[in-house]
Amino acid sequence: MISHPTLAPSHPTKMVQLHLCATLVIFLILPFSSFTYAFTSQQYSDALTKSIMFFEGQRSGKIPTNQRVKWRADSALQDGSSANVDLVGGYYDAGDNVKFGLPMGFTTTMLAWSIIEFGDHMKSELGNAKAALRWSSDYLVKAATATPDALYVQVGEPYSDHRCWERPEDMDTPRNVYKVSAQNPGSDVAAETAAALAAASIVFRGSDPSYSHKLLQTAKNVFDLANKYRGSYSDSLGSVVCPFYCSYSGYNDELLWGAAWIHRASQDASYMSYIQSNGHMLGSDDDDFSFSWDDKRAGTKVLLAKDFIENKIDQFELYKQHSDNYICSLIPGAPNSQARYTPGGLLYKQGESNLQYVTTSSFLLLTYAKYLNANGGHASCGSALVTSETLIVQAKKQIDYILGDNPMKMSYMVGFGDRYPTRVHHRGSSVPSVRNHPDRISCDAGHQYFSSGSPNPNTHVGAIVGGPDSNDKYGDDRSNYSQSEPATYINAPFVGAAAFFSGH
């Protein structure tokens, strides 16, 4: 679990050179440091493989026979039984053993979007990426169809879970289930779930059409629940989801995000009409400079801008303008640039799990570059025109930083490169596996492993941790969860970025 404190203030930085032509075009040159070195396509492919393998270490439920991560085993096989429903499966969000619906939905959407945009570059890893996606989409279908007019959005009592330090295979904390419904609305988590299912339906359309149809129909039903019975799940479920994954941005951003994904998946004109009629009330006029499990506005703008860039749908021109504003905010030296960067060149939004913002923004840079490049377009930053190549270079700088091109000269992906975090804030990784220590390790007994200065006994390959501080420093301290805790929603957009660079 990773909470969401107030974002650190942003300060513009002037770190690119501008070349002026008849029209002002920005070409990115990053003199952040002298430690730059290139990664090969094979190294990006390795990062892709490991970023997907990470999800196997996060699995809840019955572990399949083709599992590659051998230190994990079956867990939480009775999830949902207290409510007489089947909620076995899905992902633990981060270093704990709770299944939180809002970040799981966003993780699923971003895995699907990664495959949709960059699956052609995944080669032999495409099957593993689709398996990672299906592990969560299968669970979300269960959560959305177990009880009529309801969506199960969480399994696990978070306070008792967080008091314990135990591997999921030994978990004996309460597995309470929580749902949203007409009486207890949760438009935010329901609309995010709808987005996830709709995006996944696109991925499986060619390989499993009946499953794709089921995903899309379920997405529409869940969206109807979100739209008809409006309210935030933070209000309905209170301390169960807050302060862990409060919906700080409200639910309007998820309603527009969900409608946009269903429109893209179905091409149903009614969803385009919904977007056109409700967009102004749901945030289409807002500029927002963050994209995360909580706030979907920037991602929605990029998703809908595609319809203007490619199909010249005039009603979506506004989304192109706001997408440009978001992209321009990330480019050092560009007009309207407002992103803050560390001395080593890393985008820095906040001290807690900062790399989640790095991977989401890098994904949007690459996706927007793809849309622009396919149609001969550019991003307009005031009087300047920013090319797709500029966006790619900026994204590459961020991805390379994560993989080791940084002042610490260490990778922030576990198992990648020669030096990486070894004391990761993760219960299953830090406690001896059931294969090596078959006897039960209790809630309290596990704390000896949390407090240990030794490296984690189980290498959580592919896990991207929260990352360094604003001065590029990282202490590799298990107790410092802000820096050392991995999360599914950090990895999911990275999958798409790694795929892109592996193919270029």
Side-chain angles (χ1 to χ4, degrees), residues 59-62 64 76-93 98-109 111-112 130-156 175-205 207-231 233 236-237 240-241 251 254-255 257-259 261-263 265-266 268 270-271 488:
R59 282 173 168 171
S60 179
K62 183 72 174 176
L77 297 180
Q78 300 301 313
D79 276 3
S81 60
S82 62
N84 297 312
V85 294
D86 175 11
L87 295 175
V88 176
Y91 289 119
Y92 303 119
D93 69 298
V98 181
K99 296 190 298 199
F100 291 101
L102 186 56
M104 197 191 308
F106 182 67
T107 293
T108 307
T109 309
L111 272 175
K130 291 172 74 172
L133 172 62
R134 187 153 188 163
W135 193 269
S136 53
S137 62
D138 280 352
Y139 172 81
L140 293 179
V141 169
K142 287 183 180 182
T145 58
T147 300
D149 300 316
L151 171 68
Y152 289 90
V153 299
Q154 188 167 313
V155 181
R175 301 300 288 173
N176 300 352
V177 299
Y178 306 93
K179 69 178 186 293
V180 296
S181 62
Q183 294 73 35
N184 295 286
S187 300
D188 28 35
V189 65
E192 176 59 71
T193 302
L197 294 170
S201 77
I202 299 173
V203 172
F204 294 107
R205 184 182 293 153
S207 58
D208 194 339
S210 62
Y211 181 62
S212 173
H213 176 77
K214 181 179 182 179
L215 291 172
L216 183 55
Q217 188 55 54
T218 306
K220 291 181 177 181
N221 294 340
V222 176
F223 184 81
D224 288 344
L225 176 70
N227 186 49
K228 186 176 181 180
Y229 304 104
R230 294 194 182 188
Y233 92 138
S236 295
L237 297 177
V240 171
V241 297
Y251 58 81
E254 277 88 9
L255 286 173
W257 173 245
W261 272 112
I262 296 176
H263 170 252
S266 67
D268 185 331
S270 66
Y271 289 93
T488 57

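- In this structure Asp149 satisfies the salt bridge (Lys or Arg N to Asp or Glu O under 4.0 Å) test with no other residue, sequence neighbours excluded.
- Judged by distance alone, with hydrogens and angles left aside, the side-chain atoms of Ser236 form no donor-acceptor pair with the main-chain N or O of Tyr233 at under 3.5 Å.
- Contact of the Arg134 side chain with the Asp208 side chain is registered, since non-hydrogen atoms from C-beta on lie closer than 4.5 Å.
- Remark: Ser81 pairs with Gln78 by the side chain to side chain contact (heavy atoms under 4.5 Å, CB included) rule, at least two apart or across chains.
- Here the closest non-hydrogen pair linking Trp135 and Ser60 is CZ2-O, 3.3 Å.
- Residues Val153 and Leu102 form no side-chain contact, since every pair of their non-hydrogen atoms from C-beta on lies 4.5 Å or further apart.
- Judged purely by atom type and a 3.5 angstrom limit, Arg205 uses its side chain to pair as donor or acceptor with the backbone of Ala265.
- Applying the side chain to side chain contact (heavy atoms under 4.5 Å, CB included) rule to Pro148 yields no partners; only residues at least two apart in sequence or on another chain are considered.
- When every heavy atom of Gly105 is checked against every heavy atom of Leu140, the shortest pair comes out as CA-CD1, 4.3 Å.
- Remark: Tyr229 engages no residue in a ring-ring contact (aromatic ring centres under 6.0 Å, His included) (not counting sequence neighbours).
- In terms of heavy-atom proximity, Gly90 sits nearest to Met104 at CA-SD, 4.1 Å.
- The salt bridge (Lys or Arg N to Asp or Glu O under 4.0 Å) test applied to Lys62 returns Asp74, not counting sequence neighbours.
- In terms of the ring-ring contact (aromatic ring centres under 6.0 Å, His included) criterion, Tyr178 has no residue partners (sequence neighbours excluded).
- Side-chain atoms of Tyr92 and Lys99, non-hydrogen and from C-beta on, do get closer than 4.5 Å to each other.
- Nearest heavy atoms, Ile262 versus Ala194: CD1-CB, 4.3 Å.
- For Ser270, the side chain to side chain contact (heavy atoms under 4.5 Å, CB included) criterion is met by Asp268, not counting sequence neighbours.
- Both tests do not hold together for Arg230 against Tyr251: distance to the six-membered ring centre under 6.0 Å, angle to the ring axis within 45°.
- By the ring-ring contact (aromatic ring centres under 6.0 Å, His included) test, Phe106 pairs with Phe291, sequence neighbours left out.
- Remark: Arg175 engages Asp79 in a salt bridge (Lys or Arg N to Asp or Glu O under 4.0 Å) (not counting sequence neighbours).
- There is a side-chain donor-acceptor pair under 3.5 Å between Ser137 and Tyr211.
- For the pair Asn184 and Leu237, the minimum side-chain heavy-atom distance is 4.5 Å or more.
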Show every donor-acceptor pair shorter than 3.5 Å between a side-chain atom in residues 218-226 and any protein atom, with sequence neighbours excluded, or say none if there are none.
unit_1 : atom_1 : unit_2 : atom_2 : d
Thr218 : OG1    : Lys214 : O      : 2.7
Asn221 : OD1    : Gln217 : NE2    : 3.3
Asn221 : ND2    : Gln217 : O      : 3.4

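- A pairwise comparison of heavy atoms in Val240 and Phe100 identifies O-CE2, 4.4 Å as the closest pair.
- By the side chain to side chain donor-acceptor pair (under 3.5 Å) test, Ser181 is found to be paired with Gln183, residues two or more places apart in sequence or in another chain being considered.
- Neither side chain, Ser136 nor Asp138, offers a donor N or O lying under 3.5 Å from an acceptor on the other.
- Note that OH of Tyr91 and OG1 of Thr107 are 9.0 Å apart. Values are rounded to the nearest 0.5 Å.
- Contact detail for Tyr152 and Ala83: the closest heavy-atom pair is OH-CB, 4.2 Å.
- Among residues at least two apart or in separate chains, salt bridge (charged side-chain N to carboxylate O under 4.0 Å, His left out) pairs with a member in residues 178-195 are Glu192-Lys296.
- Tyr139 is not listed as a side-chain neighbour of Thr108, based on a closest heavy-atom distance of 4.5 Å or more.
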